[in-house]
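Everything on this sheet refers to the single structure shown next.
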Amino acid sequence: MKLKNAFLLFLLSLSLNSIAQVTTTKEKLKIELKKAKLVNNVSVIGIRELKVTDDRFRKVLIKTKITAPTDNKTKLSAFSLLDTKNKIRYRLADYKGYMAFIGEPELIPFRKEKIFNEKGKEINSYWLPEYNESQKDYFYDYNIDGYTNLEVKINFGTNQKPKESIVYFGQTEYDDFTAELFLRF
């Protein structure tokens with residue numbers, strides 16, 4: 001319960017201070033916080049229809065406007081949520097990016113682990129995020145001393161036959177875009 005209260009206070013402070021909250025990173029990314037709020041445990045509606053069915057987890061949406069240099073695209077797997085009270089760093093759970101209200105959203109999920117069927121054959125399907133070793137996961141490049149990384153595996157199988165993998169997000173093609181970042185805690 002203490003963890004939930006800490007995050008609710010964090011979210012409240014974000015929402016109260018969200019006007020003109022802008023930062024620029026050493027990589028020259030300009031990030032403007034638009035809003036932060038608790039959301040239901042369903043993924044981005046109609047995209048992957050991922051659901052968090054464990055009541056111990058909550059989900060937060062952080063909507064941002066990001067501007068990146070053309071030669072240094074945004075690496076979404078580097079984003080995380082920090083619980084400064086309990087010293088926990090949470091991995092990004094979901095992402096949707098868009099440049100305007102019209103057009104297709106950018107979805108770039110990847111699996112960290114290969115998934116196999118009962119016969120030992122690797123499963124690669126349109127309904128699974130791609131497994132691609134050449135897509136770098138930057139989450140660990142931004143470890144913070146004293147913080148514990150928390151990642152939640154997604155079960156792409158059933159309770160009886162689980163097929164789990166951590167999901168991370170690749171590098172965006174956009175230079176100037178709105179990002180909806182979802183984090184589970």
Side-chain angles (χ1 to χ4, degrees), residues 7 10-39 43-48 50 59-84 87-113 126 128-154 165-185:
F7 275 106
F10 171 74
L11 291 175
L12 182 60
S13 69
L14 282 177
S15 61
L16 292 175
N17 297 315
S18 65
I19 298 172
Q21 201 168 29
V22 179
T23 189
T24 303
T25 69
K26 66 180 178 180
E27 293 86 2
K28 306 278 191 256
L29 287 171
K30 179 181 169 190
I31 303 169
E32 179 182 356
L33 177 66
K34 294 292 191 180
K35 74 176 171 181
K37 68 177 186 174
L38 286 172
V39 294
S43 181
V44 181
I45 302 298
I47 305 302
R48 286 191 311 281
L50 255 171
K59 200 169 193 180
V60 62
L61 159 68
I62 300 174
K63 187 172 184 177
T64 62
K65 176 77 173 155
I66 299 175
T67 306
T70 305
D71 62 342
N72 189 19
K73 302 290 186 179
T74 305
K75 293 149 184 78
L76 294 160
S77 61
F79 282 75
S80 60
L81 178 68
L82 297 179
D83 174 352
T84 57
K87 302 287 188 193
I88 300 173
R89 181 171 169 255
Y90 294 89
R91 178 186 280 277
L92 185 64
D94 210 347
Y95 159 77
K96 179 174 78 170
Y98 49 91
M99 292 174 48
F101 291 109
I102 301 170
E104 295 289 319
E106 179 183 53
L107 306 167
I108 44 178
F110 295 95
R111 283 180 286 128
K112 290 202 56 92
E113 293 91 11
Y126 70 91
L128 280 174
E130 181 183 354
Y131 173 79
N132 185 338
E133 289 180 335
S134 68
Q135 289 293 323
K136 181 168 172 52
D137 178 8
Y138 291 90
F139 184 70
Y140 304 109
D141 292 1
Y142 292 88
N143 283 334
I144 300 172
D145 287 338
Y147 279 75
T148 301
N149 290 333
L150 182 69
E151 307 170 273
V152 178
K153 286 190 173 192
I154 305 296
S165 178
I166 290 170
V167 174
Y168 67 100
F169 298 87
Q171 180 173 292
T172 181
E173 290 300 315
Y174 299 153
D175 294 333
D176 190 7
F177 64 104
T178 299
E180 292 183 358
L181 309 171
F182 294 84
L183 298 119
R184 246 177 274 132
F185 64 92

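Both backbone and side-chain heavy atoms feed into the values below; hydrogens, waters and symmetry mates do not.
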Should the pair Asp141-Lys136 be classified as a salt bridge under the 4.0 Å nitrogen-to-oxygen rule? yes

Just verifying a value: how many Å separate Asp145 CG and Lys87 NZ, rounded to the nearest 0.5 Å? 10.5 Å

Has Arg91 got its NZ or CZ under 6.0 Å from the middle of the six-membered ring of Tyr140, at an angle within 45 degrees of the ring axis? yes

I'd like to check Val167 versus Phe110 (side-chain heavy atoms, cut-off strictly below 4.5 Å). Are they in contact? no

Applying side chain to side chain contact (heavy atoms under 4.5 Å, CB included), run through Gln171 and Leu76 and close with a yes or a no. CA-CA 6 Å; Gln171 180 173 292; Leu76 294 160; over 6 Å; no

Less than 4.5 Å apart, any side-chain heavy atom of Tyr147 and any of Leu82? yes

Between Leu92 and Tyr168, is there a side-chain heavy-atom distance shorter than 4.5 Å? no

Residue pair Ser80 / Tyr90, side-chain heavy-atom distance below 4.5 Å: no

Less than 4.5 Å apart, any side-chain heavy atom of Asp175 and any of Thr67? no

Ring-face cation of Arg89 near Tyr142 (centre distance under 6.0 Å, axis angle within 45°): no

Tested for side-chain contact (heavy atoms from CB on, under 4.5 Å) against Leu150, the lone hit among Asp83, Leu81, Ile88 is Ile88

Residue pair Tyr138 / Ser77, side-chain heavy-atom distance below 4.5 Å: yes

I need the Leu61 CG to Leu38 CG distance, nearest 0.5 Å. 10.0 Å

Main-chain N/O of Tyr95 paired to Glu180 side chain as donor or acceptor, under 3.5 Å: no

Side chains of Asp94 and Lys59 in contact at under 4.5 Å (non-hydrogen atoms): yes

When rounded to the nearest 0.5 angstrom, what distance separates CG in Asp137 from CG in Asn132? 12.0 Å

Main chain of Leu33, side chain of Thr64: is a donor-acceptor contact present, judged purely on distance under 3.5 Å? no

Does the salt bridge (Lys or Arg N to Asp or Glu O under 4.0 Å) test come out yes or no for Lys34 and Glu32, once each step is laid out? CA-CA 6 Å; Lys34 294 292 191 180; Glu32 179 182 356; 3.5 Å; yes

Please confirm whether the backbone N or O of Glu27 pairs with a side-chain atom of Thr25, one donor and one acceptor, at under 3.5 Å? yes

Hey, could you give me the NZ/NZ distance between Lys63 and Lys35, rounded to the nearest 0.5 Å? 5.0 Å

Rounded to the nearest 0.5 Å, what's the gap from CG on Leu29 to NZ on Lys73? Could you check? 11.0 Å

Stepwise side-chain hydrogen bond (donor to acceptor under 3.5 Å, both in side chains) check, Thr172 with Glu106: CA-CA 8 Å; Thr172 181; Glu106 179 183 53; 2.5 Å; yes

Nearest-0.5 Å distance that lies between atom CZ in Arg111 and atom CD1 in Ile154: 12.5 Å

Go through the steps for Val22 and Ile31 under the test side chain to side chain contact (heavy atoms under 4.5 Å, CB included), then give the verdict. CA-CA 6 Å; Val22 179; Ile31 303 169; over 6 Å; no

What is the minimum heavy-atom distance between Lys112 and Tyr131, and which atoms define it? O-CE1, 3.3 Å

Ignoring hydrogens, what is the shortest heavy-atom contact between Asn72 and Lys75? Give both atom names and the distance. OD1-NZ, 3.0 Å

Crowded around Lys153 NZ? As in, over 12 foreign heavy atoms under 6.0 Å? yes

Decide whether a cation-pi geometry holds between Lys65 and Phe177; the criteria are a distance under 6.0 Å from NZ or CZ to the six-membered ring centre and an angle within 45° of the ring axis. no

